[in-house]
There are 2 protein chains.
Amino acid sequence: MKIPKPTVKRLAVYYRCLDNMLNEGKTYVSSKELAERLKIKSSQVRKDLSYFGEFGKRGVGYNVKNLIAELKKIIGIDRRWRVVVVGAGNIGRAITNYPGLYKNRFDVIAVFDSDPAKIGLSAGVAGPVKPMSDLKEVVSSKKVEIGVIAVPAEAAQDVAEQLVDAGVKGIVNFAPVTIDVSPEIVVEDVDITVSFKTLAYHLRKYGKNR
Amino acid sequence: MKIPKPTVKRLAVYYRCLDNMLNEGKTYVSSKELAERLKIKSSQVRKDLSYFGEFGKRGVGYNVKNLIAELKKIIGIDRRWRVVVVGAGNIGRAITNYPGLYKNRFDVIAVFDSDPAKIGLSAGVAGPVKPMSDLKEVVSSKKVEIGVIAVPAEAAQDVAEQLVDAGVKGIVNFAPVTIDVSPEIVVEDVDITVSFKTLAYHLRKYGKNR
DNA sequence: TAGATTGTTAATCGATTAACAATC
DNA sequence: TAGATTGTTAATCGATTAACAATC
């Protein structure tokens with residue numbers, strides 16, 4: 001069955017929300033409660049989940065722990081993923097040491113940079129920064145599936161090609177350019193400034209109406 | 001006229017792409033070229049722009065410089081915005097020192113943290129980390145419009161309330177919880193792990209088909 | 001049983017796309 | 001003029017929502 005793209009994004013949101021609810025001590029939750037917390041409709045929640053199976057009990061709701069476990073399987077985080085980061089600048093280092101990534105089962109196992117001055121500097125959890133010449137060896141020997149591009153726009157395409165050549169299957173691209181790779185590689189683009197710009201757009205609009 | 005939400009997001013994408021094209025020395029661009037670069041349809045580009053005016057010349061295309069200027073006005077970045085960051089951890093520091101933010105006309109003017117051990121440490125471009133007790137004074141005296149939440153989930157709601165109380169009009173929330181503020185405050189949620197999870201979902205799916 | 005909530009259908013709503021007259 | 005590309009309409013496609021029978 002074809003899954004709507006927005007549904008896939010929301011699965012991660014449900015997972016996060018349920019995790020918070022579990023911490024609050026909730027054992028059961030209804031689609032209504034979940035929807036209210038996320039400011040969406042309860043029928044949306046039920047529809048999204050229904051693409052993947054029947055996880056609730058009529059009249060009762062969903063068992064929080066159980067639904068979390070099911071979502072882990074659906075999202076693909078019932079296992080750990082190995083990640084390398086290219087670029088030891090602000091973004092690269094923040095990603096590498098972001099506890100939320102490890103918590104969500106992504107292990108950054110190495111950080112690379114082309115700047116000789118940065119090689120050997122500590123990159124926190126991922127040990128010292130490694131030279132680009134080590135990339136291929138590390139990716140293949142450690143069976144790394146995901147590469148993160150955290151370099152300036154000019155270098156992004158070249159880094160993308162090196163990552164693909166080294167053998168990663170997916171790329172998270174923080175560089176502000178569209179990269180061009182073969183279609184079997186999954187690419188997720190993240191532009192940190194987009195949310196600020198969207199905010200500016202809405203703030204401006206509100207201002208105009210006053 | 002009602003503007004589709006996806007259109008607003010794409011405006012920022014067009015802006016970024018045109019900026020890259022300008023750097024490549026392009027003076028005119030057609031909707032076809034822009035669309036190919038972004039892997040969308042040319043009619044989508046034209047439709048999106050048509051909500052805001054007529055910016056092209058039939059038979060010729062769009063003047064790159066001119067379209068950039070128009071998009072700046074539409075998005076709301078024909079002026080600079082003042083930003084404060086709360087949380088001097090990995091994410092807070094990366095946001096503060098991210099050159100792309102400054103380039104896109106967002107000025108981080110101060111960083112705050114509740115941890116006494118972090119007060120006074122350098123936060124790069126924004127000077128030393130300030131205590132939360134200074135937040136209200138700084139926001140009002142410097143006329144700050146945007147607040148960034150870069151604290152752990154548990155502290156996010158409290159920080160959101162302090163930011164609103166201090167007078168910000170919009171919030172970019174990096175904490176992995178939905179925050180609850182009065183509806184005239186514009187909130188953009190950013191979850192860094194979502195793109196990794198979406199990647200995991202697609203990688204898993206591809207694997208299954210093999 | 002009575003009350004609650006699921007899973008699913010069908011209707012509605014919103015976004016994308018093709019097509020083409022207008023016009024540079 | 002001939003060729004190209006816009007701006008816009010109308011058709012299509014996809015996502016959300018309301019409604020309700022099923023059932024815990």
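None of the values given here were measured: they were computed from a predicted structure. Every chain is numbered from 1 and lettered A, B, ... according to where its sequence line falls, protein lines coming before strand lines.
- Looking at heavy-atom distances under 4.0 Å, A:Lys32 makes no contact with the nucleic acid at all.
- B:Phe106 has its ring centre less than 6.0 Å from the ring centre of A:Phe196.
- Between the side chain of A:Arg58 and the base of D:dT23, no donor-acceptor pair of N or O atoms lies under 3.5 Å.
- In the set D:dG7, C:dT8, D:dA15, D:dA15 carries the atom at the smallest distance from any side-chain atom of A:Pro4.
- Nearest nucleotide to the A:Ser43 side chain, out of C:dC24, D:dA19, D:dG7: D:dA19.
- Regarding B:Lys41, its NZ atom lies at a distance of 19 Å from the C1' atom of D:dG7, rounded to whole Å.
- For B:Arg10 and C:dT16, the shortest distance from a side-chain N or O to OP1 or OP2 is below 4.0 Å.
- Note on A:Tyr62: a side-chain N or O is less than 4.0 Å away from OP1 or OP2 of C:dG7.
- Below 30°, between 30° and 60°, or above 60°: for B:Phe52 and A:Tyr201 the angle between ring planes is above 60°, a perpendicular geometry.
- No side-chain donor from either of B:Asn97 and A:Asn90 sits under 3.5 Å from a side-chain acceptor of the other.
- Residue-environment remark: NZ (B:Lys9) exceeds the threshold of 12 foreign heavy atoms within 6.0 Å.
- Checking C:dA15, D:dT16, C:dT17 against the side-chain heavy atoms of B:Lys2 singles out C:dA15 as nearest.
- Of all nucleotides present, only D:dT5 satisfies the Watson-Crick or G-U wobble test against C:dA22, with each distance under 3.5 Å.
- In terms of position along DNA chain D, the nucleotide closest to B:Glu33 lies nearer the 5' end than the nucleotide closest to the other residue of the pair B:Glu33 and B:Lys47.
- Taking every side-chain heavy atom of A:Arg46 into account, C:dT6 is the closest of D:dT16, C:dT17, C:dT6.
- As judged by a 4.0 angstrom heavy-atom cut-off over every strand, B:Phe55 is placed among residues touching the sugar-phosphate backbone only.
- Between the NZ atom of A:Lys39 and the P atom of D:dT16 there is a distance of 18 Å, given to the nearest Å.
- Counting to the nearest Å, the C1' atom of D:dT6 and the CZ atom of B:Phe52 are 18 Å from each other.
- Atom NZ of A:Lys39 sits in a crowded spot, with more than 12 heavy atoms from other residues, nucleotides or ligands closer than 6.0 Å.
- The partner of D:dA11, taking Watson-Crick or G-U wobble pairs whose two distances both stay under 3.5 Å, is C:dT16.
- Of the candidate nucleotides D:dA15, C:dG7, D:dG7, C:dG7 has the atom lying nearest to any side-chain atom of A:Glu54.
- Distance, A:Lys57 NZ to D:dA22 C1': 16 Å, rounded to whole Å.
- Comparing A:Val60 and B:Leu49, the nucleotide of DNA chain D nearest to each residue sits closer to the 5' end for B:Leu49.
- Look at CD on A:Gln44: it is 14 Å from P on C:dG14, rounded to the nearest Å.
- Residue-level contact check: A:Ser31 touches the backbone only, with heavy atoms under 4.0 Å from sugar-phosphate atoms and none from bases.
- In this entry the distance linking CG of B:Asp48 with P of D:dT8 reads 13 Å, nearest Å.
- Going from atom NZ of A:Lys5 over to atom C1' of D:dT16 covers 17 Å, rounded to whole Å.
- Geometrically, B:Arg10 does not engage B:Tyr15 in a cation-pi contact, judged by NZ or CZ lying under 6.0 Å from the ring centre and within 45° of the ring axis.
- Among the heavy atoms of the strands lying under 4.0 Å from B:Ser30 are primed sugar atoms or P, OP1, OP2 only; no base atom is included.
- For B:Ile40 and C:dA15, the CD1 to P distance is 15 Å, given to the nearest whole Å.
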